[in-house]
Amino acid sequence: MNLINEKMIDEYVKKFNFKQMLILPVILLIVSLLILAYTSYTTRTPEGLGAPVKLGMEFQGGTAITFDSSKTPEQLKEEFSAYPVVQAREYGGGDQKLLQFGPMTESQLSDVINKINSEYSNPGQITQMGEVVSKSLQRQTLNAILFSFIGMAIVVFIVFRVFVPSIAVVISAFADIAFAAAMMNVFGIVLSLGTVAALLMLIGYSVDTDILLTTRLLKRKGELSDKIKDAMKTGMTMTLTTLAALIALFVVSSGSYLVSSFTRIDIIRDISVVLIFGLIADMVNTWMTNVGILKWYMEKTGKTETRVEKPKKRRQAA
Amino acid sequence: MNGEEPFYKKPRVLLLLIVILASIAAMTVSYENGEVKVGSNLNYGLDLQGGSWLQLQLQGAIVQVSADESKIIQSEFQRLLNDPSIKVEETTLNSVTFTTTKQTTQKIIDSFGFGKSTITQAPDGGTRVSLQISREYSIQKYLENNLDAEIRMIPGNILTFEIRKAVTEDELNALLKPVDGKVNSFKAGVSSDTREETKKILESKLNNLGMKEIPIRTVGDDYILIDLAGVDITTAKDIAAKPGKFEIRIQVNGNVTEHVLYGTEITPGLPEKQTGDQWAVTFTLSDAGAAVLRDAAIQYGAVTNPEAHELIMLLDEKEVYSAPLSPELARNIQSVPVKSLSATTGVGDEGQRRANELQIHLRAGALPVEVDVIGAGEVSAELGSRFKSQVLIAGLIALILVAIVVSLRYKQPNIVIPMLSTSFSEVIIILGFTVLVGFQLDLPTIAGIIAVIGTGIDHLIIITDEVLAGGAMPPDKVYRSRLTKAFAIIFSAAATVLVAMSPLLIMGFGALRGFAVITIVGVLIGVFIARPAYAEVIQGMLVEDTGKKFVDE
């Protein structure tokens with residue numbers, strides 16, 4: 001069994017021109033942005049539009065508690081109706097339930113904790129987030145993602161020093177993040193510290209293959225389609241190994257759906273699921289968007305063949 | 001082989017081996033009390049060993065305010081002397097003179113704490129009072145009296161006060177309006193001195209409870225993070241957040257009291273039975289505490305009339321104890337500051353119970369500002385250990401899947417084994433690093449390690465494909481130039497990861513700092529130590545093993 005089907009890659013590179021390559025990613029990007037815009041619109045407040053992704057407890061303030069109970073989420077919601085219950089839901093399979101409350105006073109909170117400790121088994125995690133912190137975290141997260149993205153773009157421009165190939169990498173990375181964030185909305189994954197970490201990681205991760213591709217195409221000798229094929233072989237292997245590891249993490253951290261003794265580990269699950277979506281998008285965006293733009297750029301500037309100054313440079317390097 | 005030394009003697013490979021051995025040593029060997037011990041040195045975070053964490057916000061404000069001192073003196077003495085007809089006659093740089101229709105004495109005026117006074121008879125009856133007071137001090141005193149809070153002047157060019165109590169800018173403006181004042185700058189929070197003081201008190205409190213080495217971190221000026229391993233959240237809050245401010249005040253007259261000292265100046269002793277079945281709690285004051293108590297007792301007349309000037313102990317602004325100075329103490333304190341005191345609590349079992357309670361209050365208090373729990377969390381010990389084993393399982397499965405994918409692609413054990421070993425060695429080095437710098441291994445940190453492994457394998461694939469372009473190991477010269485190209489890609493890719501992670505280093509509340517630090521350190525270890533060594537290893541392995549095959553072909 002071969003991991004990479006060279007024949008398919010061969011056909012793909014030869015058969016499709018850059019316009020055809022760009023169709024799918026453009027559609028995906030538009031759909032992703034529409035989903036994000038829709039979420040932002042539906043969560044709007046009188047002060048303005050909401051966040052493009054649903055905010056988790058850490059960014060809203062409140063308290064979340066996990067414990068075991070055979071009651072349904074609805075029954076639990078009813079039972080705790082004296083307190084500001086935001087949601088009650090199944091958590092990681094089995095009897096585990098998660099109750100999330102809005103902001104409460106300290107005495108309300110200790111009442112809730114006492115009630116759960118005395119009436120239910122296996123109280124697992126308690127997380128309490130003040131509104132001050134969560135508001136500030138929201139702002140800081142936005143800044144972190146922006147700085148991170150801009151920083152990545154600057155590094156890319158410094159590395160390649162040519163506008164079109166650099167902007168192609170930046171566009172691909174942007175499309176990856178947009179798709180991953182849109183899929184969070186589709187699959188009901190909220191913005192948590194874990195997903196923020198994953199989105200930032202994705203900014204770094206997703207450009208790996210783009211940098212590989214661009215370097216190979218711009219700085220190597222040889223036929224353009226051969227170079228694309230070689231880069232694709234390497235890049236696909238990279239993405240597939242990473243995906244394999246992430247799928248393992250996702251399955252193990254998702255709880256007892258597969259193995260009954262497993263419990264849910266939010267932060268690992270959040271990170272792995274966002275990265276999985278991001279890397280799926282990355283395959284499309286590196287090998288369609290980025291290849292498409294680069295193909296168009298190199299055909300336009302006549303750089304499909306070996307660059308003349310190349311051998312000289314290599315001699316200097318050696 | 002080209003007559004070269006074997007790959008395992010190359011400096012880069014040796015460096016990697018040394019670093020791996022050092023990391024393993026750091027992880028497993030410890031030296032304690034002259035004994036060398038072998039065992040795991042890894043520090044697990046709260047989410048892997050169980051426990052709770054608290055984020056505390058210190059309540060206070062740093063403000064710059066202006067106000068008219070003559071208005072302040074007028075309004076304060078109207079209140080204090082209960083005389084609406086106070087008239088300020090003269091205001092100089094260091095003094096304010098006013099007249100009151102009431103008869104009063106220097107002692108009474110001085111007892112209000114507005115500076116040294118000179119009393120003369122006013123020409124048209126009543127009293128004329130001249131106070132030695134600066135504008136700064138009058139504002140401080142005004143805020144102190146009206147906010148019922150401790151106000152500290154912060155040294156600097158511009159007059160700045162720290163208010164050790166939660167207050168809003170609007171409240172402050174409303175308060176200053178009657179005295180022609182306003183807030184010029186307002187920042188919620190506390191000074192770094194106050195923050196350090198609070199931290200130190202929390203530390204000593206936890207130590208008193210037998211909890212050593214509890215990590216207490218401060219974030220910015222206003223936040224304190226505490227991790228309490230093995231403690232549930234309710235207990236954690238009781239310990240750290242609930243006990244607030246312990247304060248001793250002195251009765252001035254009727255319901256009016258004045259601040260004397262905080263719990264910081266008090267070292268509590270033990271409850272003890274004194275003569276005649278009387279229970280008491282002894283406590284010792286610091287030198288400064290003893291001095292202010294003496295000053296207050298003399299200033300407010302407690303030495304001459306103890307019954308009218310009781311000492312009141314408050315915990316979180318609630319009275320927990322109040323009693324007059326004993327006649328003996330009132331006599332002694334006039335001549336020298338008294339450091340050893342005892343508070344009597346009555347006789348019999350009831351007296352004993354109250355003594356125990358008072359002692360807890362004395363010990364528990366002492367935070368200079370109130371703290372709000374703004375974030376908290378708990379992971380039970382059982383869940384923590386489940387997390388730990390499950391993360392290990394996840395890591396192993398991930399490793400196996402990666403091994404399968406890499407084997408499908410490269411098929412040669414000569415590539416696959418060095419690749420996986422390099423990746424694994426990166427994990428070991430990162431773990432060794434966490435031990436050396438005393439970093440806690442928690443779930444976000446482990447997520448960071450996984451992320452590093454992901455990029456690590458990617459980079460090893462880049463190296464392999466770049467040098468093996470064409471399917472075989474090229475001669476050394478070509479190999480070198482290809483390797484340079486591979487590392488150009490790897491360094492660029494690593495740079496983007498480092499840049500993308502760096503905002504997390506400074507993001508507040510330390511939320512994802514562990515994740516960011518591990519990712520950054522891991523990437524650096526990878527690109528500078530592990531991956532260069534891998535390049536040497538596969539060159540050696542492939543030249544040695546496949547050389548013959550190529551001759552045949």
Side-chain angles (χ1 to χ4, degrees), chain A residues 1-4 106 110 113 122-130 132-133 136-137 140 143-144 147-148 151-152 154-156 159 193-194 196-197 200-201 203-205 207-208 211-212 215 219 230 233-234 237-238 240-242 244-245 247-249 252-253 262-263 265 267-268 271 314 317-318, chain B residues 55 57 233-234 237 372-380 382-383 386-387 390-391 393-394 397-398 401-402 404-406 408-409 443-444 447 450-451 453-455 457-458 461-462 465 469 477 480-481 484-485 488-489 492-493 495-497 499-504 507-509 511-512 515 519:
Chain A
M1 191 181 141
N2 274 316
L3 182 71
I4 306 286
E106 279 296 318
S110 60
I113 293 175
N122 278 327
Q125 292 178 84
I126 303 172
T127 319
Q128 182 201 350
M129 228 26 178
V132 196
V133 190
S136 157
L137 264 185
Q140 291 188 42
N143 287 343
F147 279 127
S148 184
M152 176 277 293
I154 291 172
V155 172
V156 169
V159 168
L193 290 175
V196 169
L200 292 178
M201 199 64 231
I203 293 175
Y205 245 149
V207 296
D208 272 22
I211 290 177
L212 166 86
T215 312
K219 298 187 177 166
D230 271 357
K233 254 173 80 179
T234 308
T237 314
M238 287 160 65
L240 288 176
T241 45
T242 313
I247 287 166
L249 290 182
V252 176
S253 63
F262 283 173
T263 182
I265 311 178
I267 192 160
I268 307 277
I271 290 179
R314 276 193 44 219
Chain B
Q55 289 179 319
Q57 186 180 33
I233 194 165
T234 316
K237 283 183 183 171
D372 261 12
V373 179
I374 49 160
E378 177 188 337
V379 171
S380 67
E382 193 223 338
L383 192 61
R386 269 164 85 184
F387 280 169
Q390 210 170 309
V391 165
I393 294 170
I397 297 179
L401 284 186
V402 168
I404 293 172
V405 174
V406 173
L408 281 177
R409 168 68 204 279
L443 288 173
I450 294 162
I453 300 317
T455 52
I457 289 277
D458 283 3
I461 293 170
I462 293 177
D465 282 7
K477 213 169 173 185
R480 292 279 151 214
S481 102
T484 312
K485 277 193 221 156
I489 298 172
S492 312
T496 59
V497 174
V499 168
M501 281 298 132
S502 54
L504 287 185
M507 196 162 135
F509 315 110
L512 289 169
F515 175 78
T519 313

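So that the names make sense, note that chain A is the first sequence line, chain B the second, and so on, each numbered from 1. For the numbers below, each heavy atom of this structure counts, side chains included, while hydrogens, waters and symmetry mates do not.
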> With Gln390(B), which residues qualify under side-chain hydrogen bond (donor to acceptor under 3.5 Å, both in side chains), at least two apart?
Replying inline: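 Result, side-chain hydrogen bond (donor to acceptor under 3.5 Å, both in side chains) vs Gln390(B): none returned.
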> With sequence neighbours excluded, what pairs up with Thr496(B) under the side-chain hydrogen bond (donor to acceptor under 3.5 Å, both in side chains) test?
Replying inline: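 For Thr496(B) there are no side-chain hydrogen bond (donor to acceptor under 3.5 Å, both in side chains) partners, ignoring immediate neighbours.
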> Among Thr215(A), Ile113(A), Val196(A), Ile211(A), which has the most heavy-atom pairs under 4.5 Å with chain B?
Replying inline: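 Result: the option with the highest number of such pairs is Ile211(A).
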>> Out of Val207(A), Thr237(A), Asn143(A), return the one with the most heavy atom pairs under 4.5 angstrom to chain B.
In response: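 Maximum pair count with chain B is reached by Thr237(A).
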Greatest number of heavy atom pairs closer than 4.5 Å to chain A - which of [options]:
options                                    : answer
Ala488(B), Ala447(B), Ser492(B)            : Ser492(B)
Ile404(B), Ile489(B), Ile233(B), Val497(B) : Ile489(B)
Thr455(B), Ile457(B), Thr519(B)            : Thr455(B)

Shortest non-hydrogen contact from [X] toward [Y]:
X         : Y         : value
Phe147(A) : Pro503(B) : CB-CG, 4.0 Å
Ile450(B) : Leu249(A) : CG2-CD1, 3.1 Å
Thr263(A) : Arg386(B) : CB-NH2, 3.6 Å

>> So does Lys477(B) get a backbone contact from the side chain of Ser481(B), meaning a donor-acceptor N/O pair under 3.5 Å?
In response: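 No.
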> Would Thr242(A) and Asp458(B) satisfy side chain to side chain donor-acceptor pair (under 3.5 Å), going step by step from the backbone distance to the final call?
Replying inline: CA-CA 8 Å; Thr242(A) 313; Asp458(B) 283 3; 3.0 Å; yes
Please classify the contact of [X] with chain B as side chain, backbone, both or neither, using a heavy-atom distance under 4.5 Å.
X         : answer
Val252(A) : both
Leu200(A) : both
Ile265(A) : both
Leu212(A) : both

> Can you check side-chain contact (heavy atoms from CB on, under 4.5 Å) on Val499(B) and Ile154(A), steps first, answer last?
Replying inline: CA-CA 9 Å; Val499(B) 168; Ile154(A) 291 172; over 6 Å; no
> Which bit of Ser502(B) is near chain A, if near means a heavy-atom gap under 4.5 Å: side chain, backbone, both or neither?
Replying inline: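 When you check distances to chain A, no heavy atom of Ser502(B) falls under 4.5 Å.
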>> Between Phe515(B) and chain A, with a heavy-atom cut-off of 4.5 Å, which part of the residue counts as in contact: side chain, backbone, both or neither?
In response: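 When you check distances to chain A, only side chain atoms of Phe515(B) fall under 4.5 Å.
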